[in-house]
Amino acid sequence: MLDSTIILTPLHYVYFIGVITILFVMMLRKDTPIVCIVFLFLLGLVGTESLIGGIQTIFKALLYAAIQFMEIIATIALVTAFSKCLAELGSDKLLMMPMAKVMKTPSITWWIMGITMFIFSLFLWPSPSVALIGAIMLPFAIKAGLKPLAAAMAINLFGHGIALSYDFIIQGAPAISAGSAGITTAEILSQGRPLFIVMGITTVVSAFLLNRKELSAPISSRCVTILPELQIKKYSKSTIALAIATPIAFLLDICFMLVFHLNGGDATSIVAGTAVLLMCFGAIIGFKKQALEKVTGYITDGFLFAIKIFAPVIIIGGFFFLGGDGITSILGEQYQSGILNDWAIWLAHNTPLNKYITAFIQMAIGAVTGLDGSGFSGLPLTGSLAQTFGSAVNGSVAILASLGQISAIFIGGGTIVPWGLIPVAAICNVDPLELARKNIAPVSIGLVFTFITACFLI
């Protein structure tokens, strides 16, 4: 039974005002870190009843969030470092060449681009994969008659939508959701699998069917080159060696995961470790005496990229971790229950809250938090809400967390919010507003079917 004696204090009201303020700022398409910092100070001031405590709370919250996110930050940094080595040696182009031979029609090309983007995004994440897939495959796609806007949709929905939201290889998004929800990453990936599958299939099938007649470009424009055509050249032995070693190594990783039942941090570490070894291998065979400096440069660039992505997420996460178990580490042992936990229990006893309403709230909050264009900044909140509301209505925490994760990333990760679509739009030379407009219908259809599925599973 839930404790019905929850008494709301000034701390609860300050936190509630903070959440509403942050969501409002996100809706205005403005950055929220400064708002989070201000409310961290206010929460510390109220929670510790001291000015010094308010100041210290800011640092403690950010440190706590950074520790929670460090594993995935390091993973993204190392995988990105490897992708830079792959690109500099030219092995990425070699990996893409076989795809060009099967791009015969616009429809086939659309699916090939999407599936290829999905696979690469699972291992390299969508951001580096956009440049890789877009720059290498787009000329072939245009030559096959696929419109640039249709190509952008495929890259977008398969990469920043399906791969980034499920993320079962690198496990970035599931790790954040699971950490905030107080469950394991494996629970998100296993229990939430039906939601991810339904969202992915309904979204891309809807996108294809709704735009099937518009996939093909006019014959007169098919020879227009958006990006420079790839020139046939003789590849070096080092380029060929890394291109062969890369798929073999990652396929072996997948085999190891299946055979030894590796998941969560174990699965993430084997992918990151493999990426590092491949990067060192590529640097040594490709640059020989310069390998030492090259590896240092790749790792530096990788961590700069990862920190650039996660710097605002750490600050936002610091605020939202106060809503869950993080409050004990941040404000002290006198706080054993997260603020959002208290609000959820209070709401459960004072409003007609049920499993279906909480599912809708999860999806709606995830969508709103995605308006900042990152997709990740709202995961600490949706994860915390999943934990608290799941306990309040005796529902599945993993299902609720997965639902919030899906809506946050599909909306904000780069499929609906125009300011999150700029990289893909730039690569494909299309208007980001037009791309967002094209994505709205299929993503909305996907969310409706996913919500219905969640109602049966919760």
Side-chain angles (χ1 to χ4, degrees), residues 11-27 30-44 46-47 57-70 72-73 172-183 188 309-331 335 337-344 347 358 361-391 397 400-405 407-409 411-412:
L11 186 68
H12 293 89
Y13 290 109
V14 171
Y15 190 84
F16 177 76
I17 295 171
V19 171
I20 297 300
T21 304
I22 290 170
L23 294 178
F24 178 73
V25 172
M26 286 180 174
M27 292 178 67
K30 302 294 183 181
D31 293 335
T32 59
I34 190 172
V35 180
C36 293
I37 291 171
V38 169
F39 276 96
L40 280 173
F41 171 73
L42 293 176
L43 288 166
V46 173
T57 297
I58 297 173
F59 176 75
K60 288 181 179 179
L62 301 187
L63 181 62
Y64 180 86
I67 292 172
Q68 301 304 307
F69 296 148
M70 183 47 66
I72 190 58
I73 290 174
I176 298 175
S177 294
S180 304
I183 57 178
I188 294 281
I309 290 177
F310 271 89
V313 176
I314 288 173
I315 297 175
I316 297 168
F319 173 84
F320 285 114
F321 276 129
L322 280 170
D325 296 337
I327 192 171
T328 304
S329 299
I330 298 170
L331 286 182
Y335 295 99
S337 177
I339 302 173
L340 279 175
N341 298 56
D342 293 342
W343 268 112
L347 286 171
T358 57
I361 290 174
Q362 279 294 99
M363 190 173 69
I365 291 295
V368 172
T369 58
L371 295 178
D372 70 340
S374 72
F376 274 60
S377 60
L379 297 185
L381 173 59
T382 57
S384 297
L385 282 174
Q387 181 187 43
T388 55
F389 283 116
S391 300
V397 174
L400 288 171
S402 299
L403 187 60
Q405 178 176 308
S407 63
I409 291 183
I411 299 296

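This structure is a prediction, so every number in the text was calculated from the model and none was measured. When a residue number appears, it is its place in the shown sequence, counting from 1.
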Applying side-chain contact (heavy atoms from CB on, under 4.5 Å), can you list everything that pairs with Leu63, at least two apart in sequence or on another chain?
Phe59, Ile67

Quick one: are Ile183 and Ile188 in side-chain contact, heavy atoms under 4.5 Å?
yes

Decide yes or no for Leu379 and Gln405: does some side-chain heavy atom of the first lie under 4.5 Å from some side-chain heavy atom of the second?
yes

Looking at residues at least two apart in the chain, or sitting in another chain, which of them share a ring-ring contact (aromatic ring centres under 6.0 Å, His included) with Phe319?
Tyr15

With side chains defined as the heavy atoms from C-beta onward, is the minimum distance between Leu40 and Leu62 less than 4.5 Å?
yes

Quick one: list whatever passes side-chain contact (heavy atoms from CB on, under 4.5 Å) with Thr328, sequence neighbours left out.
Glu333, Gln336

Starting at CZ of Phe320, measure out to CG of Leu381 and round the result to the nearest 0.5 Å.
4.5 Å

Separation between OG1 of Thr388 and CG of Leu400, rounded to the nearest 0.5 Å
9.0 Å

Sequence neighbours left out, what passes side-chain hydrogen bond (donor to acceptor under 3.5 Å, both in side chains) with Gln362? Give chain and number order.
none

For the atom pair CD1 (Ile73) and CD (Gln68), what is the distance rounded to the nearest 0.5 Å?
11.0 Å

Going by the rule side-chain contact (heavy atoms from CB on, under 4.5 Å), which residues pair with Tyr335 if we only count those two or more places apart in sequence or in a different chain?
Leu11, Ile327, Leu331

Hits for side-chain contact (heavy atoms from CB on, under 4.5 Å) against Ala65, two or more places apart or cross-chain, chain-then-number order -> Phe69, Ile314, Phe321

Roughly how far, to the nearest 0.5 Å, is the CG atom of Leu42 from the CD1 atom of Ile37?
12.0 Å

CD1 on Ile20 to CZ on Phe39, rounded to 0.5 Å:
10.0 Å

Is there a donor-acceptor contact under 3.5 Å from the side chain of Ser180 to the main chain of Ser177?
no

Would you name the heavy atoms of Ser407 and Gly366 that are closest together and state the gap between them?
OG-CA, 3.3 Å

To the closest 0.5 Å, what do you measure between CD1 (Ile361) and OG1 (Thr382)?
13.0 Å

Testing the basics here: between Pro312 and Pro33, what is the closest heavy-atom pair and its distance to 0.1 Å?
CB-CG, 4.0 Å

Taking side chain as C-beta onward, heavy atoms only, is Cys36 less than 4.5 Å from Ile22?
yes

